[in-house]
There are 2 protein chains.
Amino acid sequence: MPRSDQIDDKQNKLGKARRFQGASLRDVAKLAGVSVKTVSNVVNNYPHVTEETRMRVQRALEELNYRPNLSARNLRNGKSGLIALAVPEIDFPYFSELARLVIKVAGERGYTVLIDQTGGARDREKLVLAGIRPQMVDGIIFSPIETGKEDLLERRDDTPLVLLGEGATDGILDHVGIDNVKAARVAVRHLLDLGRRRIAAIGAQPGVVVQTGHLRLRGYYEALQEAGIGIDQDLIARAPVYHRHEGAEAMRKLLELKDPPDAVFCFNDLLALGAIRTLINFGLRVPEDVAVVGFDDIEEASYSNPTLTSISPNKEQIARIAMSMLISRMEEGTTTPPREEQVDFRLIARESTLGVRCQEQVVYDSLQEDKARNNSALMEG
Amino acid sequence: MPRSDQIDDKQNKLGKARRFQGASLRDVAKLAGVSVKTVSNVVNNYPHVTEETRMRVQRALEELNYRPNLSARNLRNGKSGLIALAVPEIDFPYFSELARLVIKVAGERGYTVLIDQTGGARDREKLVLAGIRPQMVDGIIFSPIETGKEDLLERRDDTPLVLLGEGATDGILDHVGIDNVKAARVAVRHLLDLGRRRIAAIGAQPGVVVQTGHLRLRGYYEALQEAGIGIDQDLIARAPVYHRHEGAEAMRKLLELKDPPDAVFCFNDLLALGAIRTLINFGLRVPEDVAVVGFDDIEEASYSNPTLTSISPNKEQIARIAMSMLISRMEEGTTTPPREEQVDFRLIARESTLGVRCQEQVVYDSLQEDKARNNSALMEG
DNA sequence: CTGAAAGCGCTTACAG
DNA sequence: CTGAAAGCGCTTACAG
């Protein structure tokens, strides 16, 4: 039996030097004195291999520290086992929390996740749709910001793709999200229930209509209308990016109004945390002077000071459903019309609306559809 | 010239049905009436192609919507253009901020990043060292938690790997980090300078010695010793995981001491934010009653209430150096001894030590080595 | 400037 | 139960 150091060095066989790739099936087969097929059988745990042969092959695999070449395997199998998660920026807490779950769920299903950061820029998002990293990934989970309906319709690439978060994709592609309008309505209604009447909104977005910001704004309108309160355009603040800084800026402007708000509904938690920062800088009390509600329920919402009332979408459900949809396209090649799925959400009330030292309360649960159910998870134990 | 729909359907040529892979170079060559080599030349922008031929090929590429098969290209080239970033959990703010930068820098250098989450568990970390996803990635950037020196020495896999964050890797592998001992010393000295004398530490870790926690604790000891203050073991709180919850718990225990601390140095920002949450719940004022310093300078530190004084490592520098080190191993096959690089860090003092409404100040900058330089970035504009 | 052919490492009918 | 051979799609010396 040849020793491992007698295996020809591939560097010599190739014209050009190349990083040594490790042992191949052929090397192992040679060392074990069997055919490549048999080694492959052992590696892939196929039956029909004599125990003795198996042992011999195992030893050879060990000795050569064999590692299958995934590029070759993928080429042969026509798939890579890789999916892309395309998000604006991975360090937005909402996206990093979602990414953790997507990576976890994908791992359970045998997939590896690579991350694409679009920065929420339309041209980078178009690249995602056009098939960035062609045939490197079997599928894509995509959380767009600026992508519009036209962009989706123009798409030529046929890599399976599931959309996340956006509101109206009009059944062009598989999509999983939450009922943004309803969630926003629930959030604003909570403020109304607490007696607030001058309720501001932070996070309206200029331009494109097919967007999260638009839907949440609609929910805001509907809640106020239901309560018979007129819309004051001065109370609606824009935010091109949903980050702390923009929330702080927007709040500052709202405080300059001659009749400033007594509550503010922010279209995500980062905006809300920025807004709170401004309120505190101005010496105002939250929620006594201004109550604040956020959206996303990132972990920080449970620890900020004050803790933040927020709409809490079921993120694990988002990850699971997105992955299931994607797998059914990737593996089963499903060609049914695009599916639209909505996940559960809750409104979790905390100090920023209930007051200091209040217990955390689940004020609304889309799963239960009954209000004021008190989950009584005593805050901080 | 044959039309695209005359290209044989591969499904028929293969025994088993398989997801249609799109057009290959061969298909394009056939359609354009040239050889595969010529198409390859066009695709890869090689010179020596007649303008006319190039046009013809371009048109064929367009018509068939050709996308190179990266598995095949990688197989042929012996590399994948993929690197793995292995971190405990992507949604720890420090790691998501780092990931954003690594993905950005990698992209600039032509690499795609896939994420491995180890959960900080030793067996999962061992898998990373052993070559999880064999030959799928050209290199690995690895931020270990429980990996010890023995694990590094045992490693058989030869995929280029750069370690992040850990303190003492004893030159076994390339490593980039900061001077943890010194940074911790700077942090504690800051508290001493403010007149604090009962300074607690949160984040000591049981077990393994080669760990961040150990080094930061040493810096804490050294600072106290320099100031002639004895060590009180009661003031040293453990934290198995560096998360908000553990910080809150640890702080609670410290407050139960008959002689509670007047300051606390937390080994990362999340611990500090958890600690602050507890302090506020107990009706204590930060920093008047207890001053708090964190470590990492995650973005939340600039917006928390109070804003958080923290050690700020140069994360972009970490990402850039790690990527450079990795590339020199991957592309140049450098076989020089492992390198050890330390990046700059600063101590940025904010409200949690300076008091409410104080300006943010750079109290220490390892690059300048001069104290009390006032950067005067007026907080909140 | 272009073409024919080999080979990267794998899996899989097809024989035996 | 095992082997010989084809082919996934690409790149690259080697000819011409």
Side-chain angles (χ1 to χ4, degrees), chain A residues 7-8 10-30 32-57 61 64 66-81 134-136, chain B residues 7-8 10-30 32-57 61 64 66-81 134-136:
Chain A
I7 300 291
D8 335 63
K10 280 164 203 157
Q11 317 252 29
N12 297 335
K13 284 198 283 187
L14 293 168
K16 205 175 170 184
R18 189 194 295 178
R19 185 161 76 81
F20 181 60
Q21 289 295 312
S24 70
L25 280 186
R26 198 159 54 80
D27 298 330
V28 177
K30 214 185 292 178
V34 298
S35 79
V36 170
K37 167 74 161 113
T38 304
V39 182
S40 177
N41 283 343
V42 172
V43 169
N44 294 302
N45 258 319
Y46 289 159
H48 308 310
V49 183
T50 336
E51 196 48 37
E52 196 232 308
T53 313
R54 183 182 299 279
M55 293 304 292
R56 200 143 42 94
V57 172
L61 289 168
L64 295 176
Y66 172 78
R67 332 250 55 193
N69 180 315
L70 295 201
S71 288
R73 186 178 279 177
N74 295 336
L75 172 58
R76 172 63 226 223
N77 291 344
K79 61 195 193 62
S80 69
Q135 302 193 48
M136 177 178 258
Chain B
I7 301 290
D8 334 63
K10 281 166 204 154
Q11 316 253 25
N12 297 335
K13 285 198 285 188
L14 294 169
K16 205 176 171 186
R18 187 196 296 178
R19 185 162 76 81
F20 181 59
Q21 289 294 313
S24 70
L25 280 186
R26 198 158 54 79
D27 298 331
V28 177
K30 214 184 292 177
V34 298
S35 80
V36 169
K37 166 71 160 112
T38 303
V39 181
S40 177
N41 282 343
V42 172
V43 169
N44 294 302
N45 258 319
Y46 289 159
H48 307 313
V49 183
T50 335
E51 196 48 37
E52 196 232 309
T53 313
R54 184 182 298 280
M55 293 303 292
R56 198 142 43 95
V57 172
L61 288 168
L64 296 176
Y66 172 78
R67 330 249 56 192
N69 180 315
L70 295 200
S71 290
R73 186 178 279 177
N74 295 336
L75 172 58
R76 172 62 225 224
N77 290 345
K79 61 194 193 58
S80 69
Q135 302 193 45
M136 177 177 258

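It should be emphasised that the depicted structure is a prediction, and the values quoted were computed from it without experimental measurement. Order of the sequence lines sets the chain letters (A, B, ...), proteins ahead of strands, with each chain counted from 1.
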Any side-chain N or O of S35(A) under 4.0 Å from OP1/OP2 of dG3(D)?
yes

How close or far is atom C1' of dG7(D) from atom CG of L25(B), stated in whole angstroms?
15 Å

Quick one: is R76(B) getting a side-chain N or O under 4.0 Å of the dT12(D) phosphate, OP1 or OP2?
no

Looking at every strand, decide which applies to V36(A) at a 4.0 Å heavy-atom threshold: base, sugar-phosphate, or nothing.
base

Is any side-chain nitrogen or oxygen of S71(A) closer than 4.0 Å to OP1 or OP2 of dC8(C)?
no

Taking only N and O in the side chain of T38(A), is any of them less than 4.0 Å away from OP1 or OP2 of dC1(D)?
no

Given dT11(C), dT11(D), dG9(C), identify the nucleotide with an atom nearest to the side chain of L75(A).
dG9(C)

For a quick test of reading the model: is some side-chain N or O of S24(B) closer than 4.0 Å to OP1 or OP2 of dC8(D)?
no

To the nearest angstrom, the CZ-P distance between R67(A) and dC8(C) comes to 21 Å

Distance from R67(A) atom CZ to M136(B) atom CE, nearest 0.5 Å?
13.0 Å

Side chain of R73(B) only, please: which of dG9(D), dT11(D), dC8(C) is the nearest?
dT11(D)

Can you tell me the distance, in whole Å, between the NZ atom of K37(A) and the P atom of dC1(D)?
12 Å

Among dT11(C), dT12(D), dG3(D), which is the nearest nucleotide to the side chain of N77(B)?
dT12(D)

Return no unless some side-chain N or O of T50(A) is found under 4.0 Å from OP1 or OP2 of dT2(D).
yes

Between A72(B) and V34(B), who's closer to the 5' end of DNA chain C by nearest nucleotide?
V34(B)

Dot-bracket line, read 5' to 3' along DNA chain C, where crossing pairs take [ ] and | marks a partner on another strand, Watson-Crick or G-U under 3.5 Å
|||.||||||||.|||

Below 4.0 angstrom from OP1 or OP2 of dC10(C), is there any side-chain N or O of S40(A)?
no

